[in-house]
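Below is one structure, written out as structure tokens; the observations come after it.
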Protein chains: 2
Amino acid sequence: MSLPHAILTALLERPSSGLELTRRFDKSIGYFWSASHQQIYRELGRLEAAGLIRALPSERPARGQRKQYEVLPAGREELTGWVATGEDPRPLREALFLRLRAAGVVGTAGLGEELRRHLALHERQLAEYNAIEARDFPADDAADTPDRLRHLVLRAGIGLESFWIYWLHEALTTLREPAPPGARPPGPGDGAGPGDGAGPE
Amino acid sequence: MSLPHAILTALLERPSSGLELTRRFDKSIGYFWSASHQQIYRELGRLEAAGLIRALPSERPARGQRKQYEVLPAGREELTGWVATGEDPRPLREALFLRLRAAGVVGTAGLGEELRRHLALHERQLAEYNAIEARDFPADDAADTPDRLRHLVLRAGIGLESFWIYWLHEALTTLREPAPPGARPPGPGDGAGPGDGAGPE
DNA sequence: ACGAACATGTAAGCAGTTACATGATTGT
DNA sequence: ACAATCATGTAACTGCTTACATGTTCGT
């Protein structure tokens with residue numbers, strides 16, 4: 001249940017219309033909590049019904065008309081409480097890892113291409129993060145608390161992308177290396193291998 | 001749509017009943033693609049209906065009776081094709097990053113505790129991965145291809161947990177440091193700050 | 001007047017979670 | 001006999017995705 005809080009945060013940083021929020025979720029906040037415009041409009045409706053935000057009454061509310069939203073005191077309180085809330089990290093669900101594991105059983109055909117494609121994606125994302133850091137946080141730690149927290153999150157993004165790039169290089173190297181002599185290659189007709197069974201990993 | 005392929009992989013590594021699969025998804029494969037027993041039973045039914053797996057006819061199929069499943073040739077082909085399939089990484093959705101960002105606007109009360117809690121969780125997970133590596137992959141790279149791929153995935157888990165631990169230490173340090181003189185602290189009554197607005201990050 | 005882009009929605013469907021139901025086996 | 005546990009499911013709900021619908025503004 002984090003989307004409403006993502007929207008509250010975005011609206012506190014700056015009151016916006018649905019479309020403006022959608023655009024901001026394509027950059028900024030969306031880098032670590034993405035949302036489509038359908039999600040955003042629906043959630044804006046819920047938040048307004050719950051009395052946490054309101055539409056600025058300046059413009060007539062009609063379909064196709066811009067509606068500007070701002071956070072009400074109740075919304076700020078809700079967000080303040082949520083920040084202190086405990087929530088376990090979501091279980092990892094990473095299809096690429098699954099593909100590697102499957103490739104161990106049915107063969108690695110086509111895997112290298114996919115790894116290289118992911119590598120390019122992560123390199124592009126890292127470059128984007130680095131550009132943002134150079135532009136928005138040039139002086140190290142001479143900023144106020146909100147900026148330092150934003151920088152911290154940005155560094156998390158940089159760290160994650162760096163990890164992926166490092167690991168994908170390692171994966172490509174492993175994939176290229178021939179198996180040592182005597183080792184069985186994977187492929188059709190292959191059953192369970194030793195090290196499996198009771199061996200969880 | 002990765003769950004069926006996770007199950008096919010697990011069943012190829014070793015034919016299992018629904019409950020055995022559930023147990024294996026609590027370790028092993030479940031570390032990077034978790035699934036509950038309800039998901040698994042439903043998906044086993046679909047895979048059987050699609051002709052990709054079959055229940056071994058040895059035991060009578062009744063409620064409360066163990067059913068053992070094995071992968072049919074069509075299932076192996078399906079998995080082989082899927083390994084070569086391209087799929088973009090899922091957009092990141094990390095509530096902890098959201099909390100930091102929200103804390104920049106409404107204050108950091110209660111955040112430190114949550115960060116320390118996550119740190120402990122990731123340290124425990126890393127220890128578990130390290131134990132598995134020491135037990136299952138003692139000799140570096142003298143293994144066959146399936147084992148090397150499994151080791152690769154395990155190292156990804158180790159790398160990710162190591163990243164989290166590093167970053168959480170950094171976050172806790174940042175949180176403890178007082179803001180430099182002249183910087184505005186976050187809190188109620190605070191609106192948009194400089195660096196926001198057109199500044200995406 | 002008309003098309004393109006802007007802006008706000010609705011509807012259907014799917015994956016995953018939570019809560020509950022039911023039969024079989026084992027221990028006492 | 002009874003409870004606890006094993007084993008397999010069903011049902012309802014939530015969040016997210018995909019596809020579609022509708023009205024408005026602006027340029028030509």
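Just so we're on the same page: letters track the sequence lines, and every chain starts at 1. These numbers come from the heavy atoms of this one structure, side chains and all, not from hydrogens, waters or symmetry mates.
If you find the closest nucleotide of DNA chain D to A:Met1 and to A:His37, the one lying nearer the 5' end belongs to A:Met1. Each of A:Arg42 and B:Ser36 was assigned the nucleotide of DNA chain C with the nearest heavy atom; the assignment lying further toward the 5' end belongs to A:Arg42.
Checked against a 6.0 Å centroid threshold, the rings of A:Phe163 and B:Trp167 do not count as neighbours. Outside the 6.0 Å centre-distance limit, the rings of B:Tyr129 and B:Trp164 are not counted as a close aromatic pair.
In this structure, the CG atom of A:Leu3 is 12 Å from the C1' atom of D:dT14, given to the nearest Å. Rounded to a whole Å, the CG atom of B:Asp88 is 19 Å from the P atom of D:dC16. Protein atom CG of A:Leu21 is 13 Å distant from nucleotide atom C1' of C:dA7, rounded to whole Å. One can place CZ of B:Arg23 at 7 Å from P of D:dA7, the figure rounded to the nearest angstrom. When the P atom of C:dT8 is taken as reference, atom CZ of A:Arg66 falls 6 Å away, rounded to whole Å. Whole-Å rounding puts the B:Asp26 CG to D:dA7 C1' distance at 15 Å. Protein atom CD of B:Glu43 is 11 Å distant from nucleotide atom C1' of C:dG16, rounded to whole Å. Here D:dT17 presents its P atom at 12 Å from CZ of A:Phe25, a figure rounded to the nearest Å.
OP1 and OP2 of D:dG15 both lie 4.0 Å or more from every side-chain N or O belonging to A:Arg90. Within the structure, a side-chain polar atom (N or O) of B:Arg93 is placed less than 4.0 Å from OP1 or OP2 of D:dT17. Under 4.0 angstrom from either OP1 or OP2 of C:dT18 there lies no side-chain N or O belonging to B:Gln38. The side chain of A:Tyr41 contributes an N or O atom lying less than 4.0 Å from OP1 or OP2 of C:dT8.
Using the six-membered ring where Trp is involved, A:Trp82 and A:His5 have ring planes that are parallel, under 30° apart on the 30 and 60° scheme.
For the pair B:Leu8 and B:Val71, the tightest heavy-atom approach, listed with the atom from each and the gap, is O-CG2, 3.8 Å.
Using a 4.5 Å cut-off on side-chain heavy atoms (C-beta onward), A:Glu20 and A:Gln68 make contact.
Distance from the side chain of B:Arg46 is smallest to C:dA15 among D:dT17, D:dG9, C:dA15.
As judged by a 4.0 angstrom heavy-atom cut-off over every strand, B:Thr22 is placed among residues making no nucleic acid contact.
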